Amino acid sequence: LTNTNPRIKEGKLTESQQVAKTILQQLGGNRFIAMTGAKNFGSSRNSLQFKIGRNSKGITHVIISLKSTDTYNVEFIKMRGVNRKVVKKLKGVYADQLGTMFKKYTGMNVRL
C-alpha cells in the first residue's frame, strides 16, 4: 500500500486528528477508554465523538468540540435505533472540567 497523497506523511496526524487525540488525553487516554468502554471513535473538524458502555444515565454517545475560546462544548446523546436525543448540551467547559462533567452526566468514573 503506497501513500498517494504527498502532503500527508506517515505517522503525522492531521490537525483534526491532533485535536481529537488531545481531547482524549485530557479525558484520561487509555485509562478513560478502559473505564468507560469507549469505542467507535471519530474525529471531525476540532471534535471527538465516541460511543460509551452502559451507564446509569442511559447515555450512549458523547461529542466533545473544541471552540476558539479554548473551551469545549460537550453533548451527551441517547441513541436507540434511529432515534437520537441530545440529553444535555454544555458550553464553555474547561479541559480540567471534562472528567467531572462526564461523570455528572453519565455516572461513570473516568479515573480511579
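Bear in mind the structure is a predicted one, so any value in this text is a computation, not a measurement.
Taking the side chain to side chain contact (heavy atoms under 4.5 Å, CB included) definition, one finds that Ser43 meets it with Ser16, Gln17, Ala20, sequence neighbours left out. A search for side chain to side chain contact (heavy atoms under 4.5 Å, CB included) contacts involving Ser56 returns nothing, not counting sequence neighbours. By the side-chain hydrogen bond (donor to acceptor under 3.5 Å, both in side chains) test, Thr22 pairs with no residue at all, sequence neighbours left out. Remark: Asn73 engages no residue in a side-chain hydrogen bond (donor to acceptor under 3.5 Å, both in side chains) (not counting sequence neighbours). By the side-chain hydrogen bond (donor to acceptor under 3.5 Å, both in side chains) test, Glu75 pairs with no residue at all, sequence neighbours left out. The side chain to side chain contact (heavy atoms under 4.5 Å, CB included) search around Asn55 returns Ile52, Lys57, Ile59, Thr106, Met108, not counting sequence neighbours. Checked against side-chain hydrogen bond (donor to acceptor under 3.5 Å, both in side chains), Ser65 has no partners two or more places apart in sequence or in another chain.
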side-chain contact (heavy atoms from CB on, under 4.5 Å) evaluation trace for Val62 with Gln49: CA-CA 6 Å; Val62 180; Gln49 56 191 15; over 6 Å; no
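Residue Ile33 is not grouped with residue Ile63 when hydrophobic side chains (ILVMFWY) are merged at heavy-atom distances under 4.5 angstrom, including chains of intermediate members. Hydrophobic clustering places Leu90 together with Leu66 (ILVMFWY residues linked when any side-chain heavy atoms are closer than 4.5 Å, directly or through intermediates). Connection of Leu48 to Val87 is established within a shared hydrophobic cluster, with ILVMFWY side chains joined at heavy-atom distances below 4.5 Å, either directly or through further cluster members. Taken together through direct or relayed side-chain contacts under 4.5 Å among Ile, Leu, Val, Met, Phe, Trp and Tyr, Met35 and Leu27 form parts of separate hydrophobic clusters. Grouping the Ile, Leu, Val, Met, Phe, Trp and Tyr side chains by contacts below 4.5 angstrom, directly or via other members, places Leu24 with Val110.
With respect to Phe102, the side-chain contact (heavy atoms from CB on, under 4.5 Å) criterion is satisfied by exactly one of Val74, Ile64, Thr36: Thr36.
The side chain to side chain donor-acceptor pair (under 3.5 Å) analysis of residues 83-102, with sequence neighbours excluded, yields no pairs. Pairs passing the side chain to side chain donor-acceptor pair (under 3.5 Å) check and including a residue from residues 23-32, sequence neighbours excluded, read Gln26-Tyr72. Applying the ring pair (Phe, Tyr, Trp, His ring centres under 6.0 Å) test to residues at least two apart or on different chains, the pairs with a partner in residues 39-69 are Phe32-Phe50, Phe41-Phe50.
Taking 4.5 Å as the limit, every side-chain heavy atom of Thr71 sits out of range of all side-chain heavy atoms of Val93.
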